[in-house]
Asker: 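Sharing a structure with you now.
Bear in mind that the values here come from a model prediction, so they are computed numbers and not experimental data. FYI, side chains are in, hydrogens and waters are out, and symmetry mates aren't considered; it's all heavy atoms of this structure. Numbering starts at 1 and runs along the sequence shown.
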Amino acid sequence: MSFDIWIVAVCFVMYISAFFFGVRFLGLTSMLVMFILWVSNVLDFSAAFGSLADDTALTYIGIFIISTALTKTDFFDRLGGIVIKRAKTEFQFVIGLCALTALLSFFMEGPLIVVSAGPAVIDMCVRMNISPKRVMKPMNDIYCLYGSLLPLGGAATIYMVANRLIESYGGTPVLTLWTIPLANLPIAIIATGFILFSYKRMPADWDGVQTEDIEAYSAKNKLTSISKRVQKPYQQTVIYSVYIFVMAGIFSSKWTNLEIPIFTTIGAAIIVLSGAMTEKEAAGAIRTPMIALYAASIALANGLKASGGLEIIGAFLNKTLAGATNPYIIGGAVFLSAMVMTQFVSNSITKQLVRAVIIPMSLMLGWNVKGLFVLGFLGSNFAILTPMGSETSTMITALVGYKIKDYLKQGLFIFIIVLVSGSLIVPLIYPVF
């Protein structure tokens, strides 16, 4: 093998290894990977670093700012009052909380949901004499199911990032706004019924419940908390209007022929210029490691093409896997692998890793990249068996004092239901071959 291929191989190992050492290492390692590919002359500067400022990166930045701005309004307080506070029984409360979580998951990420809705949930638990341990885990599971069900907020960028990577490996973009939701919906419907009744398997005591952990987590991770709302009514109107404008722009971009970054950039600029967010708040909302991680994945794809590594990997995969013929076994193996990994490695990290591995593997083998990517992505969502599977799981565990056995007792049957339904449904909608 040539020197260039060895350089790319080392960078790829560095990139994959960083996923197991936490988010702090991801951004630094991603920048280092791009730097090595450039300094070693495997790629020129544009091919190595260009994705840091391409259309997808700009969309990421705009969505981060706009979604964070939405949490500064009283929209979620009002929604919570309507959905939760009318509950009269424990089961009604669980249904209301799960419905609220599903709605909020369309607009924001799990930790922000806990920060925004958590105090109201704890307050209602105290009033109704219901242990928060009974309701917080089902809240986490519903978020895992519904977080990607509608292409709103951050979920709107999923298909863009995957298509960009597919193009980098020489494939044809096949994902749309509705690719993942279409496969996610039947799985969510099947699993929701089991989650709604699973709360009865959770502890009913108050041991370890710590309400102050909501604000502590918020401060540590620079999340918008209940006390940091915008003060002027017109600013809330601006945020609502911008969000509607941007989402409408994303949905209509196919017909208007206007690039999505146009809408997200204009929306983010309006929010800052109106005073709804300060420049510092907007900068803090941007998750730089995620952008660097995306850019490094594109740089590695460019490096594999430029060095001839794609041909070598393709020949190896064809030799070892080309004989596989059962789409359900292959699809189930991908789905199970992602579901198991996400229980021990952060689900956001697992999604990035799945994308980095499955897309090139599918293209090299001539398999349907759409089906395998959807299986891997959805499997990465369901972090329901351990407290370390996602930021949301970690946060609610610290908040109410869950133990591993609580997760297993409530989550194992749901895990099996999701695994079986996903392995059968997704290959029917998007064949593996």
Side-chain angles (χ1 to χ4, degrees), residues 19 98 101-102 105 110 137-149 155 158 179-202 321 324-355 357-359 361-362 367-390 392-393 402 404-433:
F19 285 95
C98 287
T101 303
S105 69
K137 177 60 167 57
M139 179 179 176
N140 172 77
D141 296 350
I142 288 293
Y143 171 73
C144 291
L145 281 174
Y146 287 87
S148 302
L149 187 58
I158 295 169
T179 298
I180 292 174
L182 183 61
N184 194 94
L185 180 59
I187 300 173
I189 291 173
I190 292 170
T192 296
F194 293 96
I195 292 173
L196 289 177
F197 289 94
S198 69
Y199 80 93
K200 296 181 179 180
R201 301 182 63 83
M202 301 304 291
L321 296 176
T325 57
N326 191 313
Y328 294 100
I329 292 178
I330 295 171
V334 170
F335 198 50
L336 176 62
S337 298
M339 287 187 70
V340 170
M341 181 178 295
T342 199
Q343 310 308 321
F344 304 99
V345 182
S346 168
N347 62 349
S348 59
I349 293 175
T350 304
K351 290 174 188 177
Q352 303 281 353
L353 182 58
V354 162
R355 184 167 58 217
V357 173
I358 285 182
I359 287 178
M361 182 187 77
S362 302
W367 292 350
N368 181 6
V369 66
K370 181 187 291 186
L372 288 173
F373 172 75
V374 171
L375 280 162
F377 182 86
L378 291 181
S380 303
N381 276 345
F382 302 128
I384 59 176
L385 275 185
T386 67
M388 69 283 288
S390 68
T392 313
S393 294
Y402 284 132
I404 287 286
K405 68 178 182 180
D406 298 328
Y407 270 78
L408 293 174
K409 184 178 179 180
Q410 181 266 352
L412 185 58
F413 185 67
I414 298 171
F415 181 93
I416 295 172
I417 292 296
V418 170
L419 175 63
V420 173
S421 59
S423 299
L424 295 175
I425 290 171
V426 178
L428 283 175
I429 299 174
Y430 305 120
V432 172
F433 300 127

Asker: Is the closest side-chain heavy-atom distance between Leu424 and Leu428 below 4.5 Å?
Answerer: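 No, too far: nothing below the 4.5 Å cut-off.
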Asker: CG of Leu375 to CD1 of Ile358: how many Å apart, nearest 0.5 Å?
Answerer: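 CD1 of Ile358 is found 7.5 Å from CG of Leu375.
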Asker: Hey, is the main chain of Tyr402 close enough, under 3.5 Å, to the side chain of Lys137 for a donor-acceptor pair?
Answerer: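 The answer is no, because no donor-acceptor pair under 3.5 Å joins these two groups.
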Asker: Within this structure, what is the CG-CD1 distance for the pair Asp141 and Ile384, rounded to the nearest 0.5 Å?
Answerer: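 With rounding to 0.5 Å, CG (Asp141) is 5.5 Å from CD1 (Ile384).
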Asker: With Thr192, which residues qualify under side chain to side chain donor-acceptor pair (under 3.5 Å), at least two apart?
Answerer: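 So Thr192 forms a side chain to side chain donor-acceptor pair (under 3.5 Å) with Tyr146.
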Asker: Can you see whether Ser393 engages Asn140 through a side-chain donor-acceptor pair at a distance of less than 3.5 angstrom?
Answerer: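 Yes, side-chain donor-acceptor contact under 3.5 Å.
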Asker: Do Val426 and Ile187 have side chains that approach each other closer than 4.5 Å (heavy atoms only, starting at C-beta)?
Answerer: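 Yes, side chains in contact.
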Asker: According to side chain to side chain donor-acceptor pair (under 3.5 Å), does anything in residues 419-433 pair up with another residue at least two apart or in another chain? List the pairs.
Answerer: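 Qualifying pairs, neighbours excluded: none.
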Asker: Quick one: OG on Ser380 to CD on Gln343, what's the gap to the nearest 0.5 Å?
Answerer: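 The distance works out to 10.0 Å.
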Asker: Please confirm whether the backbone N or O of Leu145 pairs with a side-chain atom of Asn184, one donor and one acceptor, at under 3.5 Å?
Answerer: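 Yes; at least one donor-acceptor contact below 3.5 Å.
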Asker: Considering residues at least two apart in sequence or located in another chain, which fulfil the side chain to side chain donor-acceptor pair (under 3.5 Å) criterion with Ser337?
Answerer: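 By the side chain to side chain donor-acceptor pair (under 3.5 Å) rule, Ser337 matches no residue at all.
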Asker: Nearest 0.5 Å please: distance from the CZ atom of Phe373 over to the CD1 atom of Ile359.
Answerer: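 These two atoms lie 5.5 Å from each other.
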Asker: Is the Phe415 to Phe382 ring centre distance short of 6.0 Å?
Answerer: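 Between Phe382 and Phe415, which both carry aromatic rings, the centre distance is not below 6.0 Å.
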Asker: In a check of side chain to side chain contact (heavy atoms under 4.5 Å, CB included) between Ile190 and each of Val420, Leu185, Ile425, Val418, which one passes?
Answerer: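 One option only clears the test, and that one is Ile425.
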Asker: Can a donor-acceptor pair be found, under 3.5 Å and without considering hydrogens, that links the side chain of Asn368 to the backbone of Pro431?
Answerer: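 Pair found, side chain donor or acceptor close to backbone of Pro431.
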Asker: Under a 4.5 Å cut-off applied to non-hydrogen side-chain atoms, are Ile330 and Phe433 in contact?
Answerer: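 The answer is yes, as the side chains (C-beta and beyond) meet within the 4.5 Å cut-off.
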Asker: For residues Arg355 and Phe377, determine if any side-chain heavy atom of one lies less than 4.5 Å from a side-chain heavy atom of the other.
Answerer: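 With C-beta onward as the side chain, the pair stays apart.
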Asker: Side-chain contact test, heavy atoms from C-beta onward, threshold under 4.5 Å: evaluate it for Leu196 versus Cys98 and give yes or no.
Answerer: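 Touching, per the 4.5 Å side-chain cut-off.
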